[in-house]
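Here the structure is laid out as structure tokens; the discussion comes afterwards.
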2 protein chains.
Amino acid sequence: MINKLIEKIKKTNAPIVAGLDPMLSYVPEHILKQSYEQYGETLEGAADAVWQFNKGIIDSIYDLIPAVKPQAAMYEQFGVEGLKAFQKTVDYCHEKDLVVIGDVKRGDIGSTSAAYAAGHLGKVRIGSRTCSAFNEDFATVNPYLGSDGIQPFVDVCKEEKKGLFILVKTSNPSSGEFQDRLIDGRPLYEYVGEKVAEWGAQHMGDDYSYIGAVVGATYPEAGKIMRRLMPKAYILVPGYGAQGGKGADLVHYFNEDGLGAIVNSSRGIIAAYKQKQYAHFSPENYADAARAAVLDMAADINGALQAV
Amino acid sequence: MINKLIEKIKKTNAPIVAGLDPMLSYVPEHILKQSYEQYGETLEGAADAVWQFNKGIIDSIYDLIPAVKPQAAMYEQFGVEGLKAFQKTVDYCHEKDLVVIGDVKRGDIGSTSAAYAAGHLGKVRIGSRTCSAFNEDFATVNPYLGSDGIQPFVDVCKEEKKGLFILVKTSNPSSGEFQDRLIDGRPLYEYVGEKVAEWGAQHMGDDYSYIGAVVGATYPEAGKIMRRLMPKAYILVPGYGAQGGKGADLVHYFNEDGLGAIVNSSRGIIAAYKQKQYAHFSPENYADAARAAVLDMAADINGALQAV
């Protein structure tokens, strides 16, 4: 799957993930109205609105980007109905041949991590059959519990040729509270990054490992260091756009081959129509605004990479 | 909800949580057969088996214990169908007046953490209505992302009078990989514990905070230190029984008032019938075996507490 991701990045010339993190406040009135009319102002109605919204976005941008990253929380808030919309979104993205990164940030131990891995990336044995559930291509994982928490995910990834992005240095303002704590003079996240490289060595694709890392766009110095410490790990970079990251900040997350990083934007793409810059798109044309935002983001990042 | 938990612990005289973490391999043949006959060897069939299994356990032990802890991964592995079983389990436990700790180990940032908190502990606004989804009473949360990740959960907890158990020192063998790293001579988990105390001060119940911590039974020395560092935090203690913890190891997790800790056992209770000690219960009587295991566990812990 890492090979497919890289192939698609090259083909689209866009190291971009669209974060499908639909808050209800992003969904235009005409979609909300239709879903509420059909299902009421209920969890089902909200989930339908989110799914219709996503479908519009996906139809509009699937040819421009290699991958999407649905954020599980935005679906889980609507309970079982929301998770049906999550599943529909994953399946529909696969129909469009997009690589799907499940932003689930799961993390537990032993058989519990194995169950999360099975549910999101693998298969479960049920009687004499094997079934798959959510079936994303990559999942984000939290490393706080150490190798016991990660290895069951890696094992499933090896079996399924799927991958992980492990949280190393997150994009939020307080990420340093624990991640930057100095241990023998080096921040904790460097030790986590070294483990990512170690875990990743078990499961290599052609040029990069199936086991990647999350390093926020908002900490370019960390990006520079982590690029060196984990040369074979793909870096998923959140924090572009709405959180403050710009193309020029991102060049050091890439390797000299122009690969090695994929940049996420969520709000910046899916709620583009709400920004001044794209206000000439009406809410009815929210999906066209998303397309324009993807094109601008690709130009920004490629421009910065070419300027190096 | 922390007051209710403590009241129920006193009433049952059992500082015990039953971990509802049903692997399919725990479910007796007669239940599997019936569910597969009705729904096939499908995700739906597996989810039904898990729900029927849980119902039997709950009916058998609800009067003996204050709380249950369903482990989300064990449901999520069966996708949407599994999460329906999770929801049914939570609702049924509430009917039986049990406190429900959703073992979800979620953790993200800002509006994403807020969405998880809304889905598991709070309410979501949908048009002119507010709806609740999974509606547990407590949730477990991962601290790796720092205050930005925790505060949205705390805010929802304040509104809903609900609570959290934040991972501090987990019970697994490799928990030390990052959690034990020394920062100015003290392990990372102590810094996390100090933050738990700080976050907890915002949301106090009568004697204890709504914001508790997870400290594994397998690290009694850590339990002793954390008890002192977070005097007002309830400690959820996993790792009893199958993972190796015993009542005698647990006394230092409690305060002098005999409160302050609640000990989880999962396999040790729900799959008791598979253990030598309870082998005289046939698989058909798995729920009676669970009841016997709860009674033995309460005697072990209370015996150890009285011996102090």
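Every chain is numbered from 1 and lettered A, B, ... according to where its sequence line falls, protein lines coming before strand lines. Note that the coordinates shown come from a computational prediction; the quantities given were computed from them, not determined experimentally.
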Indicate the atoms forming the closest heavy-atom contact of A/Gln179 with B/Leu145, along with that distance.
-> NE2-CA, 3.7 Å

Part of B/Ser111 lying under 4.5 Å from any heavy atom of chain A = both

Could you check if a side-chain atom of A/Arg181 sits within less than 4.5 angstrom of a side-chain atom of B/Arg181, using non-hydrogen atoms only?
-> no

Quick one: does B/Ser174's side chain have a donor or acceptor within less than 3.5 Å of a partner on A/Ser147's backbone?
-> yes

Qualifying residues under side-chain hydrogen bond (donor to acceptor under 3.5 Å, both in side chains), relative to A/Lys88, sequence neighbours excluded | none

Which residues, numbered in order, of residues 46-54 of chain B come under 4.5 angstrom of chain A by heavy-atom distance?
-> B/Ala46

Comparing B/Ser113, B/Gly79, B/Ala117, B/Gly45 against chain A, the one with the most heavy-atom pairs below 4.5 Å turns out to be B/Gly79

What's the shortest heavy-atom distance between A/Tyr116 and B/Asp103, and which atoms?
-> OH-O, 4.2 Å

Quick one: pull up NZ in A/Lys84 and CG in B/Leu83 and give me the separation to the nearest 0.5 Å.
-> 11.5 Å

For chain B, which of A/Gly119, A/Gly107, A/Gly82 has the most heavy-atom pairs under 4.5 Å?
-> A/Gly119

Does atom CD of A/Gln202 have more than 12 heavy-atom neighbours, drawn from other residues, nucleotides or ligands, at distances under 6.0 Å?
-> yes

Please assess A/Val80 against B/Val80 for the test side chain to side chain contact (heavy atoms under 4.5 Å, CB included), listing each intermediate value before the final yes or no.
-> CA-CA 6 Å; A/Val80 167; B/Val80 167; 4.0 Å; yes

4.5 Å side-chain heavy-atom contact, B/Tyr191 and A/Glu177 = no

Closest non-hydrogen atom pair, B/Val168 against A/Tyr144 = O-OH, 2.7 Å

Quick one: does A/Asn172's side chain have a donor or acceptor within less than 3.5 Å of a partner on B/Asp148's backbone?
-> no

Could you name the residues of residues 120-138 of chain A that have a heavy atom within less than 4.5 Å of a heavy atom in chain B?
-> A/His120, A/Val124, A/Arg125, A/Ile126, A/Gly127, A/Ser128, A/Arg129, A/Cys131, A/Ser132, A/Ala133, A/Phe134

Residues of residues 27-39 of chain A with a heavy atom under 4.5 Å from any heavy atom of chain B, in residue-number order, are A/Tyr36

When rounded to the nearest 0.5 Å, the distance separating CG of B/Asp108 from OG1 of A/Thr170 is 9.0 Å

Using a 4.5 Å cut-off on heavy atoms from C-beta on, say whether the side chain of A/Arg106 contacts that of B/Lys105.
-> no

Closest approach of A/Ala73 and B/Ala115, non-hydrogen atoms and distance?
-> O-CB, 3.6 Å

Could you pull out the closest heavy-atom pair between A/Leu188 and B/Leu188, with the gap in Å?
-> CD2-CD2, 3.6 Å

